[in-house]
Amino acid sequence: MRIIAWLVTLGLMTAAVDAQVQPILTEDAAKVSGHVWAIMGFPNIAIVVGGNATLVIDTGLGPRNGATIAKVAKKLAPHNKLYLTTTHFHPEHAAGEPGFPAGTILIRNRTQQEEMDKHGEELIKQFAGRNDQWGELLADVKLRPPDETFEKERKLDLGDAVTARLLWFGGAHTKGDELIFVDPDKTLISGDVVQNKIVPGISNDGGTPSSWIAVLEQVEKLGALHVLPDHSAMGDGSLVVSEKTFITAVRMRALDLKRDGVNAEDAGMLLTAEFKAKYADWPINSLTNFVKSIYAE
Ligand SMILES: [Zn+2]
Ligand SMILES: [Zn+2]
């Protein structure tokens, strides 16, 4: 049931940002910072280019998109070794892996891989059933085990003093959310954990509102200058604080209402209206699912 509720949320959320639902990625790469490029789409893909190695973050929905990203990465640095990692196990972030060339080194955190083993195929099936185009993009996708997993942090040296730290701070949107921090750019690839004015969504079996806040406290310490979220526009380091402020404020108000005996459904409606007024520049459809997660903790 929760997965269906979450898919509905995703549908509503993405409908508001039209360019962000187009599932066929293009070869247009925009510069995020000195060593980081992005293909903006569903989802935004990051390509980090060092002196002898390139790291791609996320795969797009199915192998056709994976192949497009690999082509762009090759154009940016034809002779670099290729690493691939994923911000979380959802199909538009991870199911394009078979489109990458043989020899690509796939790395992700252990918690994310456990979620993938548990729910990966089931979610690909659900996404494939949503419409003909998604079905085509996800046809015959076979997931492979990663070449490497890590517990909390894996630092990749990409050459020419460019490094990427692959980080797992705990559960938020999913249990295995991975964040990537690139030096010397101080660029954060934030997945769903830090978005740009998007209502947070906890997927089936994901983290909790308070674990999400705890993750953001760790992210804050990184001191990011640039942030590339996966389903919204890029921004500066202030996105991290905005995300934490928003989630903390919704949580405090929801706990107030819970203490007053208001049920979760009514609290969701009340807080949706309240935050639509308070955050007029956020496209807020509904806070009810997130409020329910707060009540459930
Ligand atoms: Zn997701
Ligand atoms: Zn996504």
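One-based numbering, in listed order, for ligands and for the atoms of each.
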In terms of the angle between their ring planes, are Phe290 and Trp212 parallel, tilted or perpendicular, with boundaries placed at 30° and 60°? perpendicular
Would you kindly say whether Thr86 and Asp58 are connected by a side-chain donor-acceptor distance under 3.5 Å? no
Checking distances from the Zn ion (ligand 1), one finds that the N, O or S atom of His90 closest to it is ND1
Over 60° means perpendicular and under 30° means parallel, so tell me whether His93 and His231 are parallel, tilted or perpendicular. perpendicular
For the Zn ion (ligand 2), which N, O or S atom of His93 is at the shortest distance? NE2
N/O/S atom of Glu92 under 2.8 Å from the Zn ion (ligand 2), yes or no? yes
Parallel, tilted or perpendicular: which fits the ring planes of Phe246 and Tyr279, with parallel below 30° and perpendicular above 60°? perpendicular
Please find out if the Zn ion (ligand 1) and some N, O or S atom of His173 are separated by less than 2.8 Å. yes
